[in-house]
Amino acid sequence: MPELPEVETIKRDLSKLIVGHKILGITTDSPKQVQPSLTVVKKAIVGAKVKRIKRRAKLLQIFLSNGQILAIHLKMTGRLLVRKKDFPKDDWQHVIISLSGNQELRFADLRKFGWVKLIKDKKELEKLLAEFGPEPLDDLDLKKFRAILASSGRPVKIILMDQKKISGVGNIYANDALFLAKIDPRRPAKKISDQEAKKLLQVIEKVLKAGIKYRGASDQYYLDALGRKGAYQEHFLTYGREGKKCFDCDGKVKKIKLGGRGTFFCPKCQK
DNA sequence: CAATCAACCTGGGTGC
DNA sequence: TGCACCCAGGTTGATT
């Protein structure tokens with residue numbers, strides 16, 4: 001579910017809500033999602049304070065006062081909710097971190113693909129983060145982007161979503177960016193012209209910024225740290241619009257499968 | 001090396 | 001109503 005804008009929204013929320021709070025405990029009814037194990041994580045984090053929150057790609061990192069880090073990946077249906085202790089149980093809550101100030105950080109996840117992982121120090125974190133490609137709103141210039149596209153003959157949409165090549169772009173924003181750039185998602189990446197690459201990079205930034213502005217896309221499961229929906233789903237250009245009129249011509253949005261993922265585009269104006 | 005696909009899970013929707 | 005099947009914002013690891 002969550003792509004860069006959704007994870008960034010949660011990062012900003014958590015920065016306001018839990019920084020400075022002390023960790024009092026952790027429980028789970030889904031042990032596989034806590035790594036390396038609940039016992040080890042509990043021992044490492046209880047008593048520490050939350051120092052700061054960061055995001056890299058779709059991975060959240062909670063930096064603790066004792067130098068350790070909790071890395072959290074939400075995968076498809078993960079949520080991170082900050083609640084008062086007596087707030088009613090959230091749907092699919094599986095990991096509960098109790099905090100000072102009568103608060104809880106609840107990790108909820110319908111499909112249980114997400115995880116909470118203890119990272120021992122900055123070195124171990126760096127190793128993990130080294131796998132990710134550049135950040136599109138930060139680190140990705142046209143030169144790098146052209147080189148990334150030129151490096152593969154796979155469909156351009158698959159390259160946009162490959163976290164090793166570019167980090168943070170997922171299915172929703174990849175579809176919408178390709179629509180704005182008027183590029184067919186099936187085109188081999190290396191066949192994208194320099195002119196098209198320039199446009200594509202611009203609109204990737206545009207859709208991600210729109211996603212952040214609207215506090216994420218709550219098409220199905222996404223909620224921010226206070227349990228509120230985002231609004232980007234009201235501004236989808238192609239995602240989930242199969243059979244509906246293209247916003248740019250008199251064609252209709254078509255859905256195909258690409259790399260096993262639902263892919264939405266207008267065959268009439270995306271060339 | 002690239003491409004494809006199953007696997008990890010649960011629940012909602014559809015069609016028979 | 002029941003059941004089989006397909007689909008879902010992500011990533012990884014096995015297999016062609």
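A quick note: this is a predicted structure, and the numbers were derived from the prediction, not measured. Residue numbering restarts at 1 for every chain, and letters A, B, ... go by the order of the sequence lines.
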Practice item. Classify the nucleic acid contact of A:Tyr239 as base, sugar-phosphate or nothing, counting any heavy atom under 4.0 Å across all strands shown. Key: sugar-phosphate
Practice item. May I have the distance from A:Met76 (atom CE) to B:dA7 (atom C1'), rounded to whole angstrom? Key: 13 Å
Point to revise | d(CG, A:Leu60; P, C:dG10) in whole Å | key: 15 Å
Check your understanding: What interatomic distance, in whole Å, is found between P of C:dA14 and the corresponding atom of B:dC9?
Key -> 16 Å
Show me the donor-acceptor pairs within less than 3.5 Å that the side chains of residues 109-121 of chain A make with the rest of the protein, sequence neighbours left out.
from, atom 1, to, atom 2, distance (Å)
A:Asp109, OD1, A:Thr77, OG1, 2.6
A:Asp109, OD1, A:Lys112, N, 3.4
A:Asp109, OD2, A:Gln33, NE2, 3.0
A:Asp109, OD2, A:Lys112, N, 3.4
A:Asp109, OD2, A:Phe113, N, 3.2
A:Asp109, OD2, A:Gly114, N, 2.8
A:Lys120, NZ, A:Glu124, OE1, 3.4
A:Asp121, OD1, A:Lys123, N, 3.2
A:Asp121, OD1, A:Glu124, N, 2.9

Exercise for review: List in numerical order all residues of residues 202-218 of chain A for which some heavy atom is under 4.0 Å away from an atom belonging to DNA chain C.
Suggested key: A:Ala217, A:Ser218
Point to revise | Bracket notation of DNA chain B in which parentheses pair within the strand, [ ] cross earlier pairs, and | pairs with another strand (Watson-Crick or G-U, under 3.5 Å) | key: .|||||||.|||||||
Exercise for review: Please indicate whether A:Lys85 has more than 12 foreign heavy atoms, meaning atoms of other residues, nucleotides or ligands, lying under 6.0 Å from its NZ.
Suggested key: yes
Check your understanding: Under 4.0 Å between a Lys/Arg side-chain N and an Asp/Glu carboxylate O for A:Glu196 and A:Arg187?
Key -> yes
Point to revise | Salt bridge present between A:Asp184 and A:Arg186 (N-O < 4.0 angstrom) | key: yes
Check your understanding: Are there more than 12 heavy atoms of other residues, nucleotides or ligands under 6.0 Å from atom NZ of A:Lys182?
Key -> yes
Review point. Please give, in whole Å, the distance from C:dA8 C1' to A:Glu3 CD?
Key: 12 Å
**Study point:** Partner set under ring-ring contact (aromatic ring centres under 6.0 Å, His included) for A:Tyr214, not counting sequence neighbours
**Key:** A:His235
For nucleotides 11-16 of chain C, give me every protein contact, N/O to N/O, under 3.5 Å, one pair per line with atom names.
from, atom 1, to, atom 2, distance (Å)
C:dT11, OP1, A:His73, NE2, 2.9
C:dT11, OP2, A:Lys58, NZ, 2.9

Check your understanding: Does A:Arg79 come within less than 4.0 Å of A:Asp224, counting only side-chain N to carboxylate O?
Key -> no
Review point. Is A:Asp219 touching bases, backbone alone, or none of the nucleic acid, heavy atoms closer than 4.0 Å?
Key: base
Exercise for review: Would you indicate whether the side-chain heavy atoms of A:Ser167 and A:Asp139 approach each other to under 4.5 Å?
Suggested key: no
Exercise for review: Could you tell me whether the side chain of A:Leu180 reaches within less than 4.5 Å of the side chain of A:Leu178, counting heavy atoms only?
Suggested key: no
Check your understanding: Does the side chain of A:Leu140 reach to within under 4.5 Å of the side chain of A:Ile166, using non-hydrogen atoms?
Key -> yes
Please write out each protein N/O paired with an N/O of nucleotides 12-15 of chain B under 3.5 Å, distance rounded to 0.1 Å.
none

Point to revise | Pairing residues for A:Tyr239 by the side chain to side chain donor-acceptor pair (under 3.5 Å) criterion, not counting sequence neighbours | key: none
Review point. In this structure, are over 12 heavy atoms from other groups packed under 6.0 Å from A:Arg228 atom CZ?
Key: yes
Exercise for review: Identify whether any heavy atom of A:Gly260 sits under 4.0 Å from a base atom; if not, whether one sits that close to sugar-phosphate; answer base, sugar-phosphate or nothing.
Suggested key: nothing
Check your understanding: Does atom NZ of A:Lys143 have more than 12 heavy-atom neighbours from other groups under 6.0 Å away?
Key -> no
Check your understanding: Would a 4.5 Å heavy-atom cut-off, applied to side chains only, mark A:Phe179 and A:Cys246 as touching?
Key -> yes
Check your understanding: Any salt bridge between A:Arg56 and A:Glu135, counting N to O under 4.0 Å?
Key -> yes
Exercise for review: Taking only heavy atoms on the protein side, list every residue of residues 107-123 of chain A lying under 4.0 Å from any atom of DNA chain C, sorted numerically.
Suggested key: A:Arg111, A:Phe113
Check your understanding: Does A:Arg12 have any side chain to side chain donor-acceptor pair (under 3.5 Å) partners at least two apart in sequence or in another chain, and if so, which?
Key -> A:Glu8
Point to revise | Euclidean distance, atom CG of residue A:Asp29 to atom P of B:dC9 [Å, nearest integer] | key: 13 Å
Check your understanding: Starting at CD of A:Gln220 and ending at C1' of C:dG10, how long is that distance when rounded to a whole Å?
Key -> 13 Å
Review point. Any side-chain heavy atom of A:Leu160 sitting closer than 4.5 Å to one from A:Tyr173?
Key: no
Tabulated below should be each protein N or O lying under 3.5 Å from an N or O of nucleotides 1-5 of chain B; please produce it.
from, atom 1, to, atom 2, distance (Å)
B:dA3, OP2, A:Arg154, NE, 2.8

Check your understanding: Distance between the P atoms of C:dC7 and B:dC5, in whole angstroms?
Key -> 13 Å
**Study point:** Residues, nucleotides or ligands: over 12 heavy atoms within 6.0 Å of A:Lys198 NZ
**Key:** no
Return all side-chain donor-acceptor pairs below 3.5 angstrom for residues 256-268 of chain A, not counting sequence neighbours, or 'none' if the list is empty.
from, atom 1, to, atom 2, distance (Å)
A:Thr263, OG1, A:Lys157, NZ, 2.8
A:Thr263, OG1, A:Arg261, O, 3.1
A:Lys268, NZ, A:Asp250, OD1, 2.4
A:Lys268, NZ, A:Asp250, OD2, 3.4

Exercise for review: Inspect the surroundings of CD in A:Gln195 and state if more than 12 heavy atoms from other residues, nucleotides or ligands are less than 6.0 Å away.
Suggested key: no
Check your understanding: Where along residues 251-258 of chain A does a heavy atom come under 4.0 Å from DNA chain C, residue by residue in number order?
Key -> A:Lys255, A:Lys257
**Study point:** Nearest-Å distance once atom C1' is located in both B:dA6 and C:dC6
**Key:** 16 Å
Review point. Going by atom types alone, do A:Asp176 and A:Tyr232 pair a side-chain donor with an acceptor below 3.5 Å?
Key: yes
